[in-house]
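The chain is numbered in sequence order, starting from 1.
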Amino acid sequence: MTNNVYKILTEDEWSKGKASSKILTKLDLKDGFVHLSKASQLNATLSLYFENEQRVVLLEINLSKIKNNLKYEVSNNPDNRNGKFPHFYGILDTNMISKIWQLERSAFCLPEEVLLQAEQ
């Protein structure tokens, strides 16, 4: 089984990425790497960073195209997240995307402390 990595974008970020063929967010520019998530980290990432979005775009990234510049590192943010997070050091091009999903906010959300436990 492959441990896939994912990128979550706002609809605006996705529109800009499709137009330029480069996936680049303000946070990624600020931190110097592309923030990605493992499947077990997606729920908490959505809850912590996309709580005001009604729709987002979920991208599955082709590991074979990014593996040389992918590092798993501990988060430096004080948000109580555990584990190592995939960080891509390079330019994430749209040709590195394996799958795309449009996600809509649902009526049920787990408490953040429960979501964070899933990452342990």
Side-chain angles (χ1 to χ4, degrees):
M1 183 169 150
T2 306
N3 291 319
N4 293 322
V5 295
Y6 302 89
K7 178 72 175 166
I8 303 169
L9 300 172
T10 65
E11 289 183 310
D12 186 51
E13 290 167 338
W14 176 234
S15 292
K16 290 176 183 174
K18 284 193 303 186
S20 69
S21 297
K22 308 287 183 238
I23 306 300
L24 198 57
T25 68
K26 289 179 185 176
L27 180 62
D28 296 341
L29 279 171
K30 178 180 139 304
D31 290 345
F33 57 85
V34 178
H35 289 266
L36 302 172
S37 296
K38 298 182 287 187
S40 63
Q41 298 164 332
L42 285 172
N43 279 332
T45 298
L46 284 164
S47 177
L48 292 167
Y49 301 104
F50 296 91
E51 69 271 4
N52 296 322
E53 301 295 328
Q54 292 304 307
R55 286 182 282 294
V56 295
V57 177
L58 177 63
L59 308 175
E60 181 181 280
I61 309 303
N62 185 328
L63 283 173
S64 67
K65 293 186 178 188
I66 67 167
K67 66 182 176 185
N68 293 335
N69 293 318
L70 183 66
K71 294 182 182 180
Y72 289 84
E73 301 172 311
V74 175
S75 173
N76 290 331
N77 294 329
D79 56 11
N80 297 323
R81 302 209 60 192
N82 293 311
K84 292 187 176 184
F85 293 81
H87 297 156
F88 176 64
Y89 289 86
I91 297 173
L92 189 59
D93 196 280
T94 54
N95 71 2
M96 298 171 172
I97 298 169
S98 304
K99 294 181 185 174
I100 303 167
W101 296 271
Q102 302 283 331
L103 305 180
E104 293 196 27
R105 182 167 299 286
S106 69
F108 299 103
C109 295
L110 292 172
E112 284 182 9
E113 61 265 22
V114 174
L115 294 173
L116 293 172
Q117 288 177 32
E119 294 182 350
Q120 296 180 12

Taking atom [atom1] of [X] and atom [atom2] of [Y], what is their separation to the nearest 0.5 Å?
X     : Y     : atom1 : atom2 : answer
Glu13 : Leu59 : CD    : CG    : 10.0 Å
Leu63 : Asn4  : CG    : CG    : 6.0 Å
His35 : Lys30 : NE2   : NZ    : 7.0 Å
Lys67 : Asn62 : NZ    : CG    : 9.5 Å

Return the minimal non-hydrogen interatomic distance between [X] and [Y], and the atom names on each side.
X     : Y     : answer
Lys99 : Ile97 : O-CG2, 3.4 Å
Leu42 : Ser37 : CD2-CB, 3.8 Å
Phe50 : Leu9  : CE2-C, 4.3 Å
Tyr89 : Gly32 : CD2-O, 3.7 Å
Met96 : Lys65 : CA-CD, 3.9 Å

Members besides Ile91 in its Ile/Leu/Val/Met/Phe/Trp/Tyr cluster (side-chain heavy atoms under 4.5 Å): none

Full working for side chain to side chain contact (heavy atoms under 4.5 Å, CB included) between Asp28 and Phe88: CA-CA 10 Å; Asp28 296 341; Phe88 176 64; over 6 Å; no

Asn43 backbone acceptor or donor facing Ser47 side chain under 3.5 Å: no

Test item: Arg105 side-chain N/O and Glu51 main-chain N/O as donor-acceptor pair under 3.5 Å: yes

Please enumerate all residues that pass salt bridge (Lys or Arg N to Asp or Glu O under 4.0 Å) together with [X], with sequence neighbours excluded.
X     : result
Lys16 : Asp12
Glu11 : Arg55
Lys22 : Asp93

pair [X]-[Y]: side-chain heavy atoms closer than 4.5 Å:
X     : Y     : result
Ile23 : Val34 : no
Thr25 : Lys7  : yes
Leu70 : Leu36 : yes
Leu27 : Tyr49 : no

Salt bridge (charged side-chain N to carboxylate O under 4.0 Å, His left out) contacts touching residues 35-46 (sequence neighbours left out): none

Connected via hydrophobic side-chain network under 4.5 Å: Leu92 and Leu24: no

side-chain contact (heavy atoms from CB on, under 4.5 Å), paired with Pro86, selected from Tyr6, Phe33, Tyr72: Tyr72

Those residues that, when tested against Glu104, pass side-chain hydrogen bond (donor to acceptor under 3.5 Å, both in side chains) (two or more places apart): none

